[in-house]
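See structure below.
This structure is a prediction, so every number in the text was calculated from the model and none was measured.
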Amino acid sequence: MRKPKIVVLGAGYGGLMTVTRLQKAVGVNEVDITLVNKNDYHYETTWLHEASAGTLHHDRVRYNISDVIDKSKVDFVQDTAVEVNTVDKKVILENGELTYDYLVVALGAESETFGIKGIKEHAFSIINVNAARQIREHIEYQFATYNTEEEKKDERLTIVVGGAGFTGIEFLGELVNRIPELCNEYDVDFHKVKLLCVEAAPMVLPGFDPELVNYAVSKLEKKGVTFMIGTAIKEMNETGIVVAKGEDQVEEIKANTVVWAAGVRGNSIIEKSGFEAMRGRVKVNPDLRAPGHDDVFIVGDCSLMINEEINRPYPPTAQIAMQQGEVCARNLVALVRNKAELETFTPDIKGSVCSLGHDDAIGVAFGKKMVGGKASFMKKMIDNRALFLVGGAPLVLKKGKFNIL
Ligand code: FAD
Ligand code: NAD
């Protein structure tokens, strides 16, 4: 009898959780599992702000996919997915095609520019390992060049972070530690450096606990960040950004480095493949399948689920992507074994912790608020737990964060 073919696109949190759970649950001859990923490594998207600032080497945030898959059960294909053809049940890759009986789309997020002029062309985004490395090297180059030029250009030392959501704040938390090192290394006066955070909403970390937000803002301000709240980035060009506070307070800011951290959308393959989506995210059925497609599961940042308590979408997080991966794997096993009932997915939100550098953080975990070293310890435990869930103790020992305070 022909074995059912399962194809998983993306080896991020959602994709790797699905595959590692699936490989444990099925026999060698039960299914053909193929995992497709752009690179032969997985990267911890949740650590990319550290690699971007240069506080953690980019090799620390990635590991080989071959270290965590069971090669007797899973074929790994290193390629880039281009489109899904749901009618013919195949995936078009840059270098070939794959047919499937069941497909899992776990291709993660892309930066959301909201069509703002110049952002795509001129801003950086913390979106993958190579982008992170480029940000780190670009910033370092600005510091290295500043003193070599006869005419000192302040814009070389001006860094703008667009958006004070979790990504923007975590990146700033790393930058404030990195900048004194760069100043020291390249003989740059610290007071010449401008670190601006532009946030359209009336507060930093909109919707998060105000007491914790105040803690974060005052810590970052003390280390040199200037917050421009209620101020939106309206445009960007080669020399910097245009921001506006209200209707008429328009200001131009010259900056050689603008990091866009103002939101994400699902992978563009979703819309290209004809799935009905909101900002590239498919509102999945409770069993994680795409509406109208009984053979396609969508997990992670490409999926959208509504939190009925507040009637708003759950934020796209690794926490949810990993939980979805577990349920997705069980539902695939049920389908392969012709079980009628599929499991319903309900996110189990344990909290959220926002780092402010390697030794400080704010967060709510299991209903308890925490700041400082305690929150930072919790964040490292969360990071290590994600490694453990995919690769067990060996992966934690290889890649884990042990610089506990
Ligand atoms: P990802 O984990 O991003 O994986 C997508 C995979 O698909 C990648 O391996 C990528 O290479 C691959 N891929 C993409 N396109 C293609 C293609 N065309 N073909 C083949 N492969 C492709 N969430 C939390 O819960 N806690 C946190 O502390 C946290 N911190 C974050 C910090 C930062 C700086 C950022 C940017 C995000 C953070 N998030 C956090 C959000 C979290 O990272 C995402 O929600 C999570 O990564 C989504 O998982 P995913 O599996 O959908 O995608
Ligand atoms: P976000 O959507 O959460 O925040 C983006 C911020 O940018 C918002 O505050 C928004 O008001 C602002 N913004 C939008 N347009 C703007 C403009 N034109 N000018 C200025 N500001 C503008 O996006 P994010 O921070 O990238 O987070 C993406 C997802 O990843 C979220 O679900 C988040 O919870 C998750 N995440 C979690 C963690 C963590 O748990 N530690 C860390 C990073 C990201």
Side-chain angles (χ1 to χ4, degrees), residues 10-17 19-20 37-69 76 78 108-109 124-141 143 159 161 166-182 184-185 257 259 261 300-301 317-319 321-322 352-361 363 373 375-405:
Y13 294 101
L16 267 193
M17 268 311 265
V19 168
T20 53
N37 197 62
K38 238 178 218 182
N39 315 106
D40 60 359
Y41 56 83
H42 159 95
Y43 52 79
E44 298 289 303
T45 305
T46 61
W47 303 11
L48 288 178
H49 55 290
E50 297 168 78
S52 301
T55 47
L56 190 68
H57 193 272
H58 54 265
D59 282 339
R60 280 290 317 279
V61 313
R62 60 180 170 181
Y63 57 81
N64 292 331
I65 290 168
S66 61
D67 287 353
V68 293
I69 57 170
F76 173 65
Q78 185 183 347
F124 295 96
S125 291
I126 303 172
I127 209 74
N128 57 41
V129 167
N130 288 326
R133 183 161 42 189
Q134 194 190 16
I135 296 170
R136 186 202 75 202
E137 295 204 346
H138 171 84
I139 292 175
E140 187 151 353
Y141 178 78
F143 278 75
I159 302 173
V161 176
F166 276 79
T167 302
I169 294 302
E170 289 202 324
F171 178 54
L172 284 161
E174 300 301 321
L175 267 188
V176 293
N177 290 339
R178 179 71 179 136
I179 279 167
E181 288 176 2
L182 288 171
N184 200 23
E185 205 169 329
T257 310
V259 177
D301 287 1
T317 62
Q319 184 174 186
M322 295 189 90
S352 26
V353 182
C354 178
S355 65
L356 304 168
H358 66 281
D359 56 356
D360 202 355
S376 181
F377 175 79
M378 177 61 82
K379 181 81 169 104
K380 286 174 187 128
M381 291 302 102
I382 294 167
D383 289 348
N384 289 343
R385 181 174 179 269
L387 294 172
F388 182 79
L389 287 174
V390 171
L395 190 60
V396 180
L397 290 173
K398 202 166 165 188
K399 291 286 168 180
K401 292 183 176 171
F402 300 110
N403 52 338
I404 309 297
L405 304 169

Please answer whether the main-chain N or O of [Y] pairs with a side-chain N or O of [X] as donor and acceptor at a distance below 3.5 Å.
X: S376; Y: S355; result: no
X: H49; Y: T167; result: no
X: N37; Y: A11; result: yes
X: K399; Y: V61; result: no
X: R178; Y: G173; result: no
X: N64; Y: S66; result: no

query = More than 12 foreign heavy atoms under 6.0 Å from OH of Y41: is that the case here?
reply =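 Yes, OH of Y41 has more than 12 neighbouring heavy atoms, counting only those of other groups under 6.0 Å.
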inquiry  = Is it true that, when you exclude R133 itself, more than 12 heavy atoms of the residues, nucleotides or ligands shown sit nearer than 6.0 Å to its CZ?
reply    =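 Correct, the count exceeds 12.
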For the [atom1] atom of [X] and the [atom2] atom of [Y], what is their distance to the nearest 0.5 Å?
X: L182; Y: R136; atom1: CG; atom2: CZ; answer: 10.5 Å
X: I159; Y: F143; atom1: CD1; atom2: CZ; answer: 5.0 Å
X: K398; Y: L387; atom1: NZ; atom2: CG; answer: 11.0 Å
X: I139; Y: Q134; atom1: CD1; atom2: CD; answer: 11.0 Å
X: L175; Y: S52; atom1: CG; atom2: OG; answer: 9.0 Å
X: D301; Y: T317; atom1: CG; atom2: OG1; answer: 7.5 Å

If you look at every heavy atom in [X] and [Y], which pair is closest and at what distance?
X: A261; Y: V161; answer: CB-CG1, 4.5 Å
X: W47; Y: R60; answer: CZ3-O, 3.6 Å
X: A53; Y: F171; answer: N-CE1, 3.7 Å
X: Y63; Y: L16; answer: OH-CD1, 3.5 Å
X: Y43; Y: I127; answer: OH-O, 3.8 Å
X: K401; Y: N384; answer: N-OD1, 2.7 Å

ask   = Passes side-chain contact (heavy atoms from CB on, under 4.5 Å), K379 versus E170? Steps please.
value = CA-CA 12 Å; K379 181 81 169 104; E170 289 202 324; 3.1 Å; yes
inquiry  = Ring-plane angle category for H138 and F124, please: parallel below 30°, perpendicular beyond 60°, tilted otherwise.
reply    =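 Taking F124 first and then H138, their aromatic rings sit tilted (interplane angle of 30° to 60°).
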inquiry  = Please tell me whether T55 and E50 have a donor and an acceptor in their side chains that are separated by less than 3.5 angstrom.
reply    =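 There is no such pair between these side chains.
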inquiry  = Is there a side-chain contact between Q78 and I65 in this structure, where contact means two heavy atoms from C-beta onward sitting under 4.5 Å apart?
reply    =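 A side-chain contact under 4.5 Å is absent here.
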task = Determine, step by step, whether V129 and N39 satisfy the side-chain contact (heavy atoms from CB on, under 4.5 Å) criterion, reporting the C-alpha distance in whole Å, the side-chain angles of both residues, the deciding distance to 0.1 Å, and the verdict.
result = CA-CA 10 Å; V129 167; N39 315 106; over 6 Å; no
message = Could you walk me through whether D383 and E44 satisfy the side-chain contact (heavy atoms from CB on, under 4.5 Å) test, starting with their C-alpha distance in whole Å, then the side-chain angles of each, then the deciding distance to 0.1 Å, before giving a yes or no?
response = CA-CA 9 Å; D383 289 348; E44 298 289 303; over 6 Å; no
